[in-house]
Amino acid sequence: MMFKDKVVIVTGAAMGIGKAIAAAFAREGAALVLGDIVADKLSATVEELKAGGTRVVGLAGDISRVEDANALVDLAKNTYNRLDVLVNNAGIMDRFLPIGEITDEVWNKVLGVNLNGPMYTMRRAIPQMIEQGGGVIIDITSAAGLGGGFAGVAYTTSKHGVVGLVKNTAWMYASKGIRVVGIAPGGVNSGISLGGVPSEFGYAQLAKNLATMPRSGEVDELANVVVFAASEKASFLNGAIIPVDGAWLAGG
Ligand SMILES: NC(=O)c1ccc[n+]([C@@H]2O[C@H](COP(=O)([O-])OP(=O)(O)OC[C@H]3O[C@@H](n4cnc5c(N)ncnc54)[C@H](O)[C@@H]3O)[C@@H](O)[C@H]2O)c1
């Protein structure tokens, strides 16, 4: 068990990739702190994991609100008195809206959840990790964090921003024993919503790239890489963005 007596926070853990990440850490013996905005599904995930013998607490909240993000990070210390791994997974899509169609509302919401959220949790977690002599942060970015033709402008900008969060934080805190790794999924069968009716024009442009995807992945195929990247086995992995995409980006 690679994470016995280790404490792991996962955001957006009620369903999809985040739920699979939580379950994968649970199988490795971790104690969990799970966050999500959908309270009933979060409770169901927490109860499922508890029934399997995992130590787990959940906190419903909106990661784009600094008070909620801080409370989630603080819950690790308050419950288990430590924090070893922070996984920033919560994310939303942008209906494939290009710049000519983006509204302030969609821009602010997508940037708030996908970029401000991870910034808030990382800022809160870093002092605790420094105090403990180290820690690992895994940020879920996207193929859209590495290329321009995979989503709308807000999602693409937010996920490119996450790449900056990973690289800058890894560089700044490498000497403190903290590792920061970005995982960039390609298409995954998670049931993620487009966020509403997609832009017809945006979708027509993206369809050219979507058609080149060799296959979409399963949530466990992402979760397994996250657990490895957070483990001691990956001790020299720091500041890197790892595409987990079945060779989709390799073909670009
Ligand atoms: N599914 C894909 O194809 C794909 C591809 C690339 C990247 N990603 C990224 O993977 C991550 C997980 O996505 P998924 O596919 O599992 O989607 P999902 O919709 O199944 O899961 C996302 C989770 O985040 C939660 N969430 C949404 N807004 C929140 C908020 N404001 N505060 C707290 N929690 C919130 C949702 O309730 C949900 O449980 C996201 O960051 C997404 O951008 C997904």
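Each ligand, and each atom within it, is numbered from 1 in the order the structure gives.
Protein heavy atom nearest atom 23 (C) of ligand 1, with residue, atom name and distance: G12 O, 3.6 Å. From the protein, the heavy atom lying nearest to atom 37 (O) of ligand 1 is D36 OD1, 2.6 Å. Atom 40 (C) of ligand 1 has its closest protein heavy atom at N89 O, 3.1 Å. The single protein non-hydrogen atom nearest to atom 13 (O) of ligand 1 is I192 CD1, 3.9 Å, given as residue, atom name and distance. Atom 21 (O) of ligand 1 has its closest protein heavy atom at M15 O, 4.0 Å. Scanning all protein heavy atoms for the shortest distance to atom 14 (P) of ligand 1 gives S190 OG, 3.4 Å.
Every atom of ligand 1 is numbered from 1 in the order shown, and the set under 4.0 Å from a heavy atom of G91 is 22 (C), 24 (O), 40 (C), 41 (O). Atoms of ligand 1 found under 4.0 Å from any heavy atom of Y155 (numbered from 1 in listed order, with element): 6 (C), 7 (C), 8 (N), 9 (C), 42 (C), 43 (O). Listed by number with element, the atoms of ligand 1 under 4.0 angstrom from any heavy atom of I17 are 10 (O), 15 (O), 16 (O), 44 (C). For ligand 1, the atoms lying closer than 4.0 Å to a non-hydrogen atom of G61 are 32 (N), 33 (C). Atoms of ligand 1 found under 4.0 Å from any heavy atom of G16, numbered from 1 in the order shown, are 16 (O), 20 (O). Shown in contact with I140 at under 4.0 Å from a heavy atom are these atoms of ligand 1, numbered in order with element: 9 (C), 10 (O), 11 (C). Of all atoms in ligand 1, listed by their number and element, those nearer than 4.0 Å to a heavy atom of A90 are 24 (O), 34 (N), 35 (C), 41 (O). Against a heavy-atom cut-off of under 4.0 Å, V38 is close to the following atoms of ligand 1: 37 (O).
Hydrophobic clustering, with ILVMFWY side chains joined whenever heavy atoms are under 4.5 angstrom apart, groups I138 together with L34.
Although no hydrogens or angles enter the test, the distance criterion places a donor-acceptor pair under 3.5 Å between the side chain of N209 and the main chain of G149. Distance alone, capped at 3.5 Å, places no donor-acceptor pair between the T156 side chain and the V153 backbone. Counting only distance, with no hydrogens or angles, the side chain of D68 and the backbone of D62 share a donor-acceptor pair below 3.5 Å. Side-chain N or O atoms of E28 include none that pairs as donor or acceptor with a backbone N or O of K4 at under 3.5 Å. With T79 contributing its side chain and L75 its backbone, the two residues share a donor-acceptor pair below 3.5 Å. Here the side chain of D36 pairs no donor or acceptor atom with the backbone of L42 at under 3.5 angstrom. Here the side chain of T212 pairs no donor or acceptor atom with the backbone of K208 at under 3.5 angstrom. Judged by distance alone, the side chain of S216 and the main-chain N or O of G187 form no donor-acceptor pair under 3.5 Å.
A salt bridge links E48 to K19: one of the charged nitrogens lies within less than 4.0 Å of a carboxylate oxygen. Using a 4.0 Å cut-off between charged side-chain N and carboxylate O, D74 and R124 make a salt bridge. Under 4.0 Å is where a charged nitrogen must lie from a carboxylate oxygen, and between R215 and E221 at least one such pair does.
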**Study point:** Residues S64, N116; criterion side chain to side chain donor-acceptor pair (under 3.5 Å); working and verdict
**Key:** CA-CA 6 Å; S64 70; N116 293 356; over 6 Å; no
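When the heavy atoms of V244, V188, N88 are ranked by distance to atom 3 (O) of ligand 1, first place goes to V188. Across the listed options G195, G187, G186, S142, G186 owns the non-hydrogen atom lying nearest to atom 5 (C) of ligand 1.
If you look at K159 next to ligand 1, the close heavy atoms, those under 4.0 Å, all belong to the side chain. Residue contacts with ligand 1 for I92 involve side-chain atoms from C-beta outward but no N, CA, C or O (heavy atoms, distance under 4.0 Å). Counting heavy atoms closer than 4.0 Å to ligand 1, residue I37 contributes atoms from both its backbone and its side chain.
Looking at S64 next to ligand 1, no N or O pair under 3.5 Å apart turns up. Residue D62 has at least one nitrogen or oxygen atom sitting less than 3.5 Å from a nitrogen or oxygen atom of ligand 1, judged on distance alone. For the pair A13 and ligand 1, the shortest N or O to N or O distance does not fall below 3.5 Å. At least one N/O-N/O distance between I63 and ligand 1 falls below 3.5 Å.
The closest side-chain donor-acceptor pair between T11 and N89, if any, does not fall under 3.5 angstrom.
Contact annotation: T11 has no heavy atom less than 4.0 Å from any atom of ligand 1.
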